[in-house]
Amino acid sequence: MNMFSDLQALTDFLSTGLRLSIPLVFAALGGTLSERAGVFNVALEGCLLAGAFGAALGSFVFISPYAGLLTGIGMALLVGGLLAILAVRLGVNQLVAGLALNILVLGLTSYLSRLLLTGDGRRIVEGFAPYPVPFLADIPLLGPLLFKQDVMTYLMYATVALSWWMLWKTPWGLVLRAVGENPRAVDTAGMAVDRARIIAVLAGCAVAGLGGCYLVLSQVFLFTEHMSAGKGFLALAAVILGRWNPLGALAACLLFGLCDALQLRLQFGQPDVPYQLFSIVPFVASFLALVLFSGKVKPPASIGIRYERGGK
Amino acid sequence: MPALKLRQIVKSFDGFRALDGVDLAVQAGTVHAIIGENGAGKTTLMNILYGLYQPDEGMIEFQEKPVTIPSPRGASDLGIGMIHQHFMLVDTLTVVENIVLGLRGQGMSLNLREHEKRIAEMSARFGFNIDPRAEIWRLPMGMRQRVEILKVLYREADLIILDEPTSILTPLEIEGFLENVKSLRDAGKTILFITHKLDEVFAASDRISVMRRGKVLNTTDAKDTDARRIACAMVGHDRILTVERMPHRAGKPVLVGRGLHARDNRGLEALRGVSVSVREGEIHGIIGVDGNGQAELAEVLTGMRSATGGLVEIDGRDITADDPETRRRSSRLAFVPEDRHTTGLVLEYPLWKNAILRDFGTARFSRAGVVDRRRAVEATSEWISAYDVRTQSPYQKARFLSGGNQQKLIFAREIESEPRVLIVMQPCKGLDVGAIEAVHRTILEQRERGGAILYISTELDHVLAVCDRISVMCGGVVTGTLEAHEATAETIGVLMGGTMSKASAC
Amino acid sequence: MLTVIGLAHRLRIPIAVAVALLAGASLIALSGVNPFEAYTTLFRGAFLDWYGLGGTLVKTSPLLLAGLAVVIPLRAGLLNIGGEGQIYMGGLGASVAALYLPGLPTLLHIVLCVLAGALAGGLWGLIPAYLKAYRGINEVITAILLNFIAINLVSYLAGGPMMQAGAPYPYSNEISEALWLPLILSGTDAHVGVIIGAVLALVAYYVLNHTTVGFALDTVGAGDAVARYAGIAVRRQLLGAMFVGSACAGLAGSFEVLGLKYRLYHLFSPGFGFDGILVAFLAALNPLLVPVSAFFLSGLKAGALTMQRATGLDGTVIDAIQGIVILFVATSLAFTFRREEWRRFLDKRKLHLAEPPVARAKAEESAR
């Protein structure tokens, strides 16, 4: 295969991989934040979709990608709010709550997009254009790959760094990690367990929503039904593979993104073979990665368990 | 100057008055012990002082000002620190992270280095010898307790509450801990020390208050009283725990464990060559500080955990390879586990289902794979009256029974399986005096029938009261076995500390 | 008072559904359509019309079986979210058996096709169960990934090795007419699958609630420690429950192929496996109610089209309403064990209101 014969082709390939991984990275970061606090976030898929829908709606109405970004985050926060109420406050099984929200968001966005985004819901919206970073973009290979992207990509870098810093270098991150391990210890240290979890869920969903914004504002410039297409679930696997660490999640998502880029190449290279054979690749890769590498790592000890102070 | 004054504190739970008008004055700069039986209301009182519960009535004065303590945070802000019976530490975090968790005024950045330095200094000042960067799960229990103490010191607490601080320490660690308490007092702190162990009270405290049935009965200087007077005050006019015992007529060995080895859930070696034998008509006690391999021993003997070495025999037959069900059916081995809520019962099941929990597949309670509900309910009703289980009906959920009644149901199920061997693990945990007596009576009756009983407990008084022979476990080995008549608190205490060379690890 | 609360508690699912339908009405109103009219058309189209009823029953079959696929493993504490993948593998298994096993007696061949689907679904479900039981890997995530793998695998096969020559889009050759499942309502597509499903639901109800197998499963679901203490082989029960559940989903796939499509199409299931979760919770995890909730949901789906034609309202509104339904139902189920607390709460208030303090103290004394 001669696809990496020159630098340009390699850059293109890696750049495709990066672009495909960005929504996953956002979603996996969101998952990491809420799972570190002890709340399973199966609603990542719904957050992506809500973010995408919000982004399309905002950008369509206000004709500005920035407005789209804000609306997208807002929509994802709505999902987060519901998840927080159901899973943290009411104690609905976290998995069930997340799955229910996914179904709700899928139905609502399909209906509302037909209703609100006129035409048949395939209205092209304003998006972000690439913005090369001065100087950095001129570095060979890495420059065009990492620094000739759009605002969302830079936002992704910032979010990874920020969430890592937040989790490990701030008092707040310490509380968040503690609340996922031993909420009773946090309670007796005088902090509100549920509040910490709710904030973590909201933050996680907002970040995951950015992934949806990216799909609309940077990739396809329109909203299509179920455009998240399982990325939220892949991100869940990435959270585990990344060992509940933002940097790990980034690495896992990049791996999935490259797998995806590879299968796209293969699709174009082999037009006679049904493309679905190659579409399986990222899923098989993440499944195998899970089977091979997980089990040795322990999830946050209190994940999935509602905290109750209990009687006497 | 009184550091703390309580007036007529009342707290009820579901109509039960856990605190029934508590009055208490604690002088600043003293170690003040509050002693009382389980259920006397000590923990409730402490939770009120720490802001976890609000009193229904009464007044709290702290440093001569009336206060309300709305939350643990409020307590901490006032200068009240608490060290819980079960440590409130996050195992995966380091010492310093645990200490600064929830600390006020930290701003945006953690500054762990800074804190590390100050914690190391503080640790050195009190002779604690703690590495601030160590992860909690790697530390032994005694060290973890020091971390808890550092946690409250770091928050500049003036009043430190210690709730049953020695229950998971070894005798050696307890000695060190009592020294720590004194040095804290010498540094000007006021210490409120909750316990039910008499010897510790006299070893460390200046003043002693006795609690019983939700009231503080009397407060005296430690030097003006003695253990017997305190003990009488603790139990009041109730009978001190004694059960009629017939003389001991042990027969041949029934249950024998030879050189047992096993790992705990974390993969660490928990049993390191334990041999034990239980004879017909004998209650064999196993005493030791919690976490020295007792739980693993019970599980290996009952088949719930596989041994990595050694043999289990019943009546000379090797049953090491048998699963729990086979041991119950063929070897007639019954087991009362330690944890009623997650192991002994399904709390959401009605009593009749719990009654057949371990026998639902036998011909007695099912036919051709169909559960015979009528027979199960009949049997349950019989057991309810025979074992005096207080309940509305066999259809009641186990959740709504008191601890004592839950335990009676478990005993009914196990005894009614007509066992040759009965293993009981901490059967009196959290029970009141009446229920403890009922449990011990049941166990003694089983002995009269010629049953072989292994009684595992951390309560020395209980073991001394009912057992015919007593083995002491420490660090995954048996450090000694005594006949009941030669066993005293002192001889056993020495063995619990692990005087045998191998046991130094504990 | 307690009776009222108790009744509300018993009826919490129907109440949740009613509230959700009300909330859905506002969505319908958003389109400028009269919600009452829309719902009337929908339910008349789904349940009161011969052909509509046929359409509803066609969808009831896979929904019912997918619901059982969730209910059975959940009794042992495993959330089977892999129903969709198991349906696809079931359809694949049945098609392969139907297309590539020549020369068998017809009846035997039909049975074999049906069982091949069940087996394929069951085995596919065993993968996450095994990984959970022996490796401790979260079954939800592995099952979701396996869903995508199964869906794409079927698409590949239907568009590649098994594709009918010259077909416009991915589907296989037609299955011999002798192997088609019998129909039950003349003039409609409703096939015998729904009846078999209902019978299986009855069997599941009996087994789960009256046999030692059900007792063991419930105990496993109650907790690992107590199950081992009860002498139950926990892993075996987990694998067994998941196999049986997944086999139900696989059966749903078989029936879709043998009873309705007569070929292996790519994307032949529009998410029945996921809807199965909804069916299960709507039935409060009671196998006896699974056919009822499946019938209701498939009515919503089948009626949506009638409604769209009659009122011009977009059919996706039904997807949104379904989402609201599951949200409300899941929420209502969180209140399962609160009833005794209510009783105690009310008792306490009654006591306080009715008696002077001294008598109250005495009552409390004697209660102890």
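Computed over heavy atoms, backbone and side chain alike; hydrogens, waters and symmetry mates excluded. Throughout, a chain's letter reflects where its sequence line sits, starting with A, and its residues are numbered from 1.
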Mind jotting down which residue pairs meet the salt bridge (Lys or Arg N to Asp or Glu O under 4.0 Å) criterion with at least one end in residues 72-85 of chain C? Sequence neighbours excluded, please.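 Sorted result for residues 72-85 of chain C: C:Arg75-C:Asp218.
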What residues form a side-chain hydrogen bond (donor to acceptor under 3.5 Å, both in side chains) with A:Gln267, not counting sequence neighbours?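 A:Gln263.
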Check whether [X] gets within reach of chain C through its side chain, its backbone, both or neither, counting any heavy atom under 4.5 Å.
{"X": "A:Val273", "answer": "side chain"}
{"X": "A:Leu99", "answer": "side chain"}
{"X": "A:Leu236", "answer": "both"}

Identify the two heavy atoms, one from [X] and one from [Y], that lie closest to each other, and give their separation to 0.1 Å.
{"X": "C:Ser246", "Y": "C:Gly125", "answer": "OG-CA, 3.2 Å"}
{"X": "A:Ala261", "Y": "A:Leu20", "answer": "N-CD1, 3.6 Å"}
{"X": "A:Leu116", "Y": "A:Leu57", "answer": "CB-CD1, 4.0 Å"}

Is it true that A:Glu35 and A:Trp244 share a donor-acceptor pair across their side chains at a distance under 3.5 Å?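 There is such a pair between these side chains.
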Residues in residues 143-157 of chain C that sit under 4.5 Å from chain A, counting heavy atoms only: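 If one takes a 4.5 Å heavy-atom cut-off, the residues of residues 143-157 of chain C near chain A are C:Ile144, C:Leu145, C:Leu146, C:Phe148, C:Ile149, C:Asn152, C:Leu153, C:Ser155, C:Tyr156.
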Taking atom CZ of A:Arg89 as the centre, does the number of heavy atoms from other residues, nucleotides or ligands within less than 6.0 Å exceed 12?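 No, the 6.0 Å shell around CZ holds no more than 12 heavy atoms from other groups.
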Taking atom OH as the centre, does A:Tyr275 end up with more than 12 heavy-atom neighbours from other residues, nucleotides or ligands that are less than 6.0 angstrom away?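 Open: at most 12 neighbouring heavy atoms sit under 6.0 Å from OH of A:Tyr275.
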Identify the residues of residues 39-47 of chain A whose heavy atoms come closer than 4.5 Å to a heavy atom of chain C, ordered by number, or report 'none'.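 Hits under 4.5 Å: A:Phe40.
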Would you call A:Val25 and A:Phe256 a side-chain contact if the rule is heavy atoms closer than 4.5 Å?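 SC-SC contact between A:Val25 and A:Phe256 ruled out.
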For C:Arg263 and C:Gln164, what are the C-alpha separation, side-chain angles and deciding distance, and is it a side chain to side chain donor-acceptor pair (under 3.5 Å)? CA-CA 10 Å; C:Arg263 300 172 189 273; C:Gln164 180 179 323; 2.5 Å; yes
Among the options C:Val317, C:Ile326, C:Leu327, pick out the one with the most heavy-atom pairs lying under 4.5 Å from chain A.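 Most pairs with chain A among the choices: C:Val317.
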In terms of heavy-atom pairs under 4.5 Å with chain A, which of C:Asp319, C:Ile141, C:Leu30 leads?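 Top count of heavy-atom pairs under 4.5 Å with chain A: C:Ile141.
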Indicate the ring-plane relationship of C:Tyr134 and C:Tyr130, choosing parallel, tilted or perpendicular according to the 30° and 60° boundaries.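 C:Tyr134 vs C:Tyr130 ring planes: parallel.
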